[in-house]
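Encoded as structure tokens, the structure appears first; notes follow it.
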Amino acid sequence: MSSPKPAWPDSIARASVVAMSIYSARGGATNALHLDANENPYAPPPVVGASDYNRYPAQQPESLTARLAGLYGVDTNQVMVGRGADEGIECLLRAFCEAGQDSILTCPPTFGYYKTCADIQGAGNVEVPLSAAYEWDIPAVIAAAKPSSVKMVFLCSPNNPSGNSLTREAILSVCDALPETLIVVDEAYIEFSTIESLVDKVGTVPNLVVLRTLSKAYALAGVRGGALLADARVIELLLKVLPPYPIARPVEAAVLAALAPSAMSVHAQRLAETLAERNRLADGLRNSDFVETVYPSDANFLLLAIKDEDKLFARLRQFNVKIRDYRSTTGRVRVSIGSPDENTIALQAFGVTDIAERADRIGETFRKTNETDISVRVNLDDVKQTKISTGIGFYDHMLEQIAKHGNMGLTMSCEGDLHIDAHHTVEDTALAFGSALKQALGDKAGIGRYGYVIPMDETQAQVAIDLSGRPAAVFRGEFPTDHVGEFPVEMCPHFFESLAQTLGAAIHIDVKGDNSHHMIEACFKGVGRALRPAFAISGSDIPSTKGTL
Ligand SMILES: *Cc1c(COP(=O)(O)O)cnc(C)c1O
């Protein structure tokens with residue numbers, strides 16, 4: 001007697017996997033006395049840095065599934081966290097493809113690891129190639145995926161290496177036409193695209209699987225962290241074939257730190273900068289004698305058709321620049337978007353002589369203590385990049401004044417112990433701000449160094465600044481009230497002391513007036529105004545007879 005056909009997705013998974021239960025690795029250390037996993041009771045030597053490394057981690061650390069579910073906007077039972085998106089692909093093949101029997105479908109040229117995993121598993125690979133212009137043939141994909149032996153269709157969007165994307169409608173039409181088949185949308189580069197992610201359809205479209213990675217947009221390639229997002233029933237099957245303890249404890253800590261809420265605005269600014277650099281690199285490369293075509297890209301790389309190849313590769317070696325060589329499969333090469341300085345070198349290697357604008361002066365500080373968690377990014381050359389959130393409305397407004405009048409971009413996010421008072425938040429953000437400014441100034445070549453201004457209304461503030469490298473703060477002024485909003489007025493001089501300390505500057509302020517709000521605002525505006533000429537590039541010398549600042 002044959003048993004009834006199991007329900008989807010068990011119906012398309014390998015029978016041996018359906019019959020399995022999850023390998024029972026212990027679910028992370030609790031505060032019980034753990035004599036259940038043959039661990040060593042002693043913490044490893046302190047060089048390793050963490051006292052809990054002698055304990056096995058949880059199979060799926062809850063902190064991480066919760067953070068990634070939050071980041072991508074799905075439920076925690078719709079996430080599988082693994083060693084990169086790559087591990088999600090491995091598990092899909094292992095759970096659904098019977099060796100010598102089943103297949104995946106791919107649309108080459110695309111990410112090579114899908115086929116590698118199929119080869120390892122002994123599964124077939126049905127190919128529906130992209131057109132010469134790298135467009136997908138959706139009706140052909142649907143037709144080729146009809147046989148029940150095709151268990152999953154990989155749609156890489158934005159596609160690596162071509163850089164173009166499928167529309168949401170096209171992908172959903174494939175999901176709709178092949179309701180039994182898993183439609184795996186690899187969104188490794190979606191953060192760089194204007195097309196919206198399909199994560200909002202996870203669960204409601206049962207056969208949709210979305211791969212996301214922390215390697216690209218979140219700068220964590222060396223950590224190995226990624227997520228597979230799918231209907232909870234699919235996740236349940238995949239967890240059966242996920243190897244034990246895939247997330248090492250230091251990986252969990254690194255991911256949580258890198259994705260701290262205070263860091264998200266800096267990630268957003270970096271992303272914006274990568275997109276701006278993608279434009280600059282593409283514009284530059286179009287002027288290269290070695291480049292025939294720069295393909296449009298929704299990702300953090302550009303695909304190029306090139307000419308005079310031998311000479312180009314000789315130049316790339318000379319400049320010590322490595323690019324990805326796909327000439328044997330597509331006749332093309334792929335160049336990743338680097339930092340502004342790196343892109344400038346790449347353009348030089350491509351023989352581009354007319355290179356647009358020097359790199360922006362940028363400084364970043366991440367500062368975390370028990371009292372505050374802060375990220376700051378300053379851009380001395382792009383005033384548009386300003387977004388401030390410290391939890392103290394008046395103080396945000398004051399920082400905006402410095403940014404505006406200092407003619408700089410300032411992204412600042414702080415989660416501070418405001419339930420106590422404003423003190424730590426103001427002090428620590430000022431310290432972090434000063435460090436970021438100092439970093440952005442670099443060797444200070446060409447800067448004006450000094451600046452001063454005398455503003456405003458019934459209040460008068462005189463500000464003099466010297467970016468001397470030596471911290472000093474002198475504040476003269478009496479405020480008529482204790483507070484402005486939640487902001488204690490004594491934090492105004494303290495802010496400038498802290499800023500002077502990490503910026504390495506002498507800041508002198510004299511303020512007179514009848515209204516604390518005006519007086520503080522005049523100080524912040526004045527410092528911004530004074531910093532503007534001090535930061536401005538007016539030559540190339542270091543403005544000191546000592547030759548260093
Ligand atoms: C880089 C890349 C991945 C791998 O991501 P990891 O999270 O680093 O494993 C997956 N898919 C595509 C298309 C990629 O380019």
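Remember, it's 1-based here, ligands and their atoms both numbered in the order they're listed. Numbering starts at 1 and runs along the sequence shown.
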| said: Cation-pi check for Tyr218 against Arg270: NZ or CZ below 6.0 Å from the six-membered ring centre and within 45 degrees of the axis, yes or no? | reply: no
| said: Starting from atom 5 (O) of ligand 1, what is the nearest protein heavy atom, named by residue and atom, and what distance separates them? | reply: Thr213 OG1, 3.5 Å
| task | Identify the protein heavy atom lying closest to atom 4 (C) of ligand 1, giving its residue, its atom name and the separation to 0.1 Å. | result | Asp86 OD1, 3.3 Å
| request: Check the pair Glu127 / Lys115 against salt bridge (charged side-chain N to carboxylate O under 4.0 Å, His left out), numbers first and verdict last. | output: CA-CA 10 Å; Glu127 295 194 343; Lys115 177 169 180 334; over 6 Å; no
| Would you call Cys156 a ligand 1 contact, heavy-atom distance under 4.0 Å? | yes
| said: Assess whether a salt bridge exists between Glu273 and Arg377, defined as any Lys/Arg side-chain N lying under 4.0 Å from an Asp/Glu carboxylate O. | reply: yes
| task | For residues Phe111 and Phe154, establish whether the separation of their ring centroids is below 6.0 Å. | result | no
| atom 12 (C) of ligand 1: the protein heavy-atom neighbour that sits closest, reported with distance to 0.1 Å | Asp186 OD2, 3.3 Å
| request: State the atoms of ligand 1, each with its element, that fall below the 4.0 Å cut-off from a heavy-atom position in Tyr189. | output: 1 (C), 13 (C), 14 (C), 15 (O)
| query | Below 4.0 Å from any atom of ligand 1, is there a heavy atom belonging to Lys216? | reply | yes
| remark: Per side-chain contact (heavy atoms from CB on, under 4.5 Å), Met412 is matched among Thr365, Val378, Thr390 by Thr390
| said: Within the structure, is a non-hydrogen atom of Tyr113 found at a distance of less than 4.0 Å from ligand 1? | reply: no
| task | Step through the shown structure and confirm whether more than 12 heavy atoms of other residues, nucleotides or ligands are within 6.0 Å of CG on Asp289. | result | no
| Arg327, CZ atom: more than 12 neighbouring heavy atoms under 6.0 Å | yes
| request: Indicate, as side chain, backbone, both or neither, the part of Ala188 found under 4.0 angstrom from ligand 1 when only non-hydrogen atoms are considered. | output: side chain
| request: Identify the protein heavy atom lying closest to atom 8 (O) of ligand 1, giving its residue, its atom name and the separation to 0.1 Å. | output: Ser215 OG, 2.6 Å
| task | Please determine if Ala85 has a nitrogen or oxygen closer than 3.5 Å to a nitrogen or oxygen of ligand 1. | result | yes
| query | Taking both backbone and side-chain atoms of Tyr114, is any N or O found less than 3.5 Å from an N or O belonging to ligand 1? | reply | no
| What atoms of ligand 1 come closer than 4.0 angstrom to any heavy atom of Arg224? | 6 (P), 8 (O), 9 (O)
| message | Whether Arg249 engages the ring of Tyr53 as a cation-pi pair (distance to the six-membered ring centre under 6.0 angstrom, angle to the ring normal within 45°) should be assessed. | response | no
